[in-house]
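The sequence lines fix the lettering, A, B, ..., with proteins before strands; numbering per chain opens at 1. Atom set for the values below is all heavy atoms of this structure, side chains included, hydrogens, waters and symmetry mates excluded.
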2 protein chains.
Amino acid sequence: MIETPPESALVAFGLERLYDALRRLAPRMGLSLTAHSTLKRLSQLGPQRLSELHAAESVTQPAMTQLVTRLEKDGFAVRGGDPADRRAVLVSITEAGSALVEQRRVAYAEALDTVLAGLSEADRAAIIAALPAMERLVDAVAAHATT
Amino acid sequence: MIETPPESALVAFGLERLYDALRRLAPRMGLSLTAHSTLKRLSQLGPQRLSELHAAESVTQPAMTQLVTRLEKDGFAVRGGDPADRRAVLVSITEAGSALVEQRRVAYAEALDTVLAGLSEADRAAIIAALPAMERLVDAVAAHATT
DNA sequence: GATACATGTATAAGCCAGTGATATAAATCT
DNA sequence: AGATTTATATCACTGGCTTATACATGTATC
């Protein structure tokens with residue numbers, strides 16, 4: 001039995017473990033994964049339609065309607081009408097929402113920092129060196145998802 | 001304002017995006033994140049106590065009781081008594097459970113493979129080179145969690 | 001060895017976040 | 001105008017988590 005290219009299997013195994021680890025590391029702050037991801041998206045890309053959000057986050061439209069309702073109730077986002085299309089709802093992040101995203105980002109970076117500090121300089125360097133490649137991996141995944 | 005060590009911030013940003021990407025890539029197969037993680041654990045480490053599982057997966061003990069009940073109902077795990085301690089429950093994975101884990105692993109590897117194929121050789125090499133370091137990062141996160 | 005405490009699991013009640021099916025309103029197309 | 005498509009909302013339901021609590025078994029102390 002030939003050793004068929006084990007690269008992807010290795011990468012898959014490694015990334016899956018990494019995923020689980022990162023999941024444990026991420027601060028919860030009382031919001032769901034989707035809620036965080038949606039807020040980050042709003043924070044980075046500005047106001048979005050509800051339908052854009054539901055497609056981007058891979059949840060059903062009713063789920064996004066409810067999520068936006070919750071975010072609105074908690075003061076992290078607001079609904080606004082789209083003057084160009086009066087059916088549409090433009091969701092925007094609020095000051096409080098941006099603050100939450102930032103706060104979580106900092107907490108996450110700090111937690112990761114603590115962990116990184118325990119690694120060797122060489123390991124840190126290897127991870128940092130791989131960041132641009134992982135960036136492109138992320139882009140490729142995003143492109144793959146829309147396909 | 002001095003540029004304070006931006007390394008960890010960069011790594012945090014990169015890993016967080018990677019996390020979101022991997023989340024979208026992972027096949028769901030009708031099981032929750034915790035369910036998958038628990039099955040993987042049982043598959044790798046063999047039978048475990050319910051209490052071990054609940055601690056390892058960072059959920060409450062009742063949540064694990066219910067998860068095991070669901071897994072048992074679906075035929076992916078079984079409860080067994082611990083002869084040494086009759087209070088304890090030893091949870092084991094079944095054939096069907098192992099098959100599911102394997103099936104998902106393959107699906108994940110394939111999805112990742114497709115994505116990796118779109119990257120340059122240099123990028124793949126960089127990611128592969130960083131795997132051992134990420135492995136140790138995972139270990140460090142695990143150690144950090146128990147602290 | 002009886003009493004007290006600790007440990008392991010289960011049950012109950014409730015909440016949050018998702019689903020599919022369907023309704024309503026606005027835009028678009030003949 | 002009428003029909004169809006698009007954007008969002010509402011409803012009824014389920015899954016998976018939480019806290020509080022109960023119950024059974026094990027351990028320690030006197």
Side-chain angles (χ1 to χ4, degrees), chain A residues 20 23-24 26-42 47-92 97 100 104, chain B residues 20 23-24 26-42 47-92 97 100 104 145-146:
Chain A
D20 284 343
R23 181 156 73 94
R24 279 170 184 64
R28 290 297 316 270
M29 305 176 112
L31 285 183
S32 70
L33 292 180
T34 310
H36 276 301
S37 184
T38 302
L39 279 182
K40 268 199 307 186
R41 166 168 275 263
L42 288 174
Q48 308 249 312
R49 284 194 174 193
L50 203 144
S51 49
E52 283 181 286
L53 292 176
H54 109 70
E57 299 297 333
S58 304
V59 292
T60 58
Q61 173 266 314
M64 188 49 70
T65 289
Q66 297 175 71
L67 172 55
V68 169
T69 301
R70 287 194 301 274
L71 289 176
E72 202 167 26
K73 193 172 60 186
D74 292 342
F76 299 137
V78 283
R79 278 183 168 84
D82 185 342
D85 183 344
R86 297 205 343 249
R87 296 169 302 177
V89 166
L90 271 180
V91 184
S92 313
L100 185 81
R104 183 183 128 102
Chain B
D20 284 341
R23 180 156 75 94
R24 278 167 185 65
R28 291 296 316 267
M29 305 176 109
L31 285 183
S32 71
L33 292 179
T34 310
H36 277 300
S37 184
T38 302
L39 279 183
K40 270 198 306 187
R41 166 168 274 264
L42 288 174
Q48 308 250 311
R49 285 195 173 193
L50 204 144
S51 49
E52 283 180 285
L53 292 176
H54 108 70
E57 299 297 333
S58 304
V59 293
T60 58
Q61 172 267 313
M64 188 49 69
T65 290
Q66 296 172 54
L67 172 55
V68 169
T69 301
R70 286 194 302 273
L71 289 176
E72 203 166 26
K73 193 172 59 186
D74 292 341
F76 299 136
V78 283
R79 278 183 169 84
D82 185 342
D85 185 343
R86 297 206 339 251
R87 296 168 302 178
V89 166
L90 271 180
V91 184
S92 313
L100 185 81
R104 183 184 129 102
T146 59

**Study point:** Check against side-chain contact (heavy atoms from CB on, under 4.5 Å), A:Gln48 and A:Leu90
**Key:** CA-CA 5 Å; A:Gln48 308 249 312; A:Leu90 271 180; 5.6 Å; no

Point to revise | Main-chain N/O of A:Gly81 paired to A:Arg86 side chain as donor or acceptor, under 3.5 Å | key: no

Check your understanding: Between the main-chain N or O of A:Ala84 and the side-chain N or O of A:Asp82, is there a donor-acceptor pair closer than 3.5 Å?
Key -> yes

**Study point:** Separation between CG of B:Asp20 and NZ of A:Lys40, rounded to the nearest 0.5 Å
**Key:** 4.0 Å

Point to revise | Pairwise distance CG(A:Leu67) to CD(A:Glu57) - rounded to 0.5 angstrom | key: 8.5 Å

Check your understanding: Closest approach of A:Ala77 and A:Val91, non-hydrogen atoms and distance?
Key -> CB-CG1, 4.1 Å

Check your understanding: Can you check the A:His54 NE2 to C:dG18 P distance for me, whole Å?
Key -> 13 Å

Review point. Contact boundaries of DNA chain D with chain B (under 4.0 Å, heavy atoms), 5' to 3'?
Key: D:dG16 to D:dG26

Review point. For the pair made of CD in B:Gln61 and C1' in C:dA12, what is the distance, rounded to whole Å?
Key: 13 Å

**Study point:** Reference residue B:Phe76; test side chain to side chain contact (heavy atoms under 4.5 Å, CB included); the match among B:Leu39, B:Leu42, B:Val68
**Key:** B:Leu39

Practice item. Looking at every strand, decide which applies to B:Thr60 at a 4.0 Å heavy-atom threshold: base, sugar-phosphate, or nothing. Key: base

Revision key, fill the gap. dist A:Leu71:CG -> A:Gln66:CD (nearest 0.5 Å) comes out at 12.0 Å

**Study point:** Test item: A:Thr38 side-chain N/O and A:Thr34 main-chain N/O as donor-acceptor pair under 3.5 Å
**Key:** yes

Review point. Where along residues 63-72 of chain B does a heavy atom fall under 4.0 Å from DNA chain D?
Key: B:Ala63, B:Gln66, B:Arg70

Review point. Nearest nucleotide by nearest heavy atom, which residue falls closer to the 5' end of DNA chain C, A:Leu31 or B:Leu90?
Key: B:Leu90

Point to revise | Close residues, residues 77-89 of chain A, relative to DNA chain D [heavy-atom separation under 4.0 Å] | key: A:Arg79, A:Arg87, A:Ala88, A:Val89

Review point. Do A:Glu72 side-chain atoms and A:Arg79 backbone N/O form a donor-acceptor pair below 3.5 Å?
Key: yes

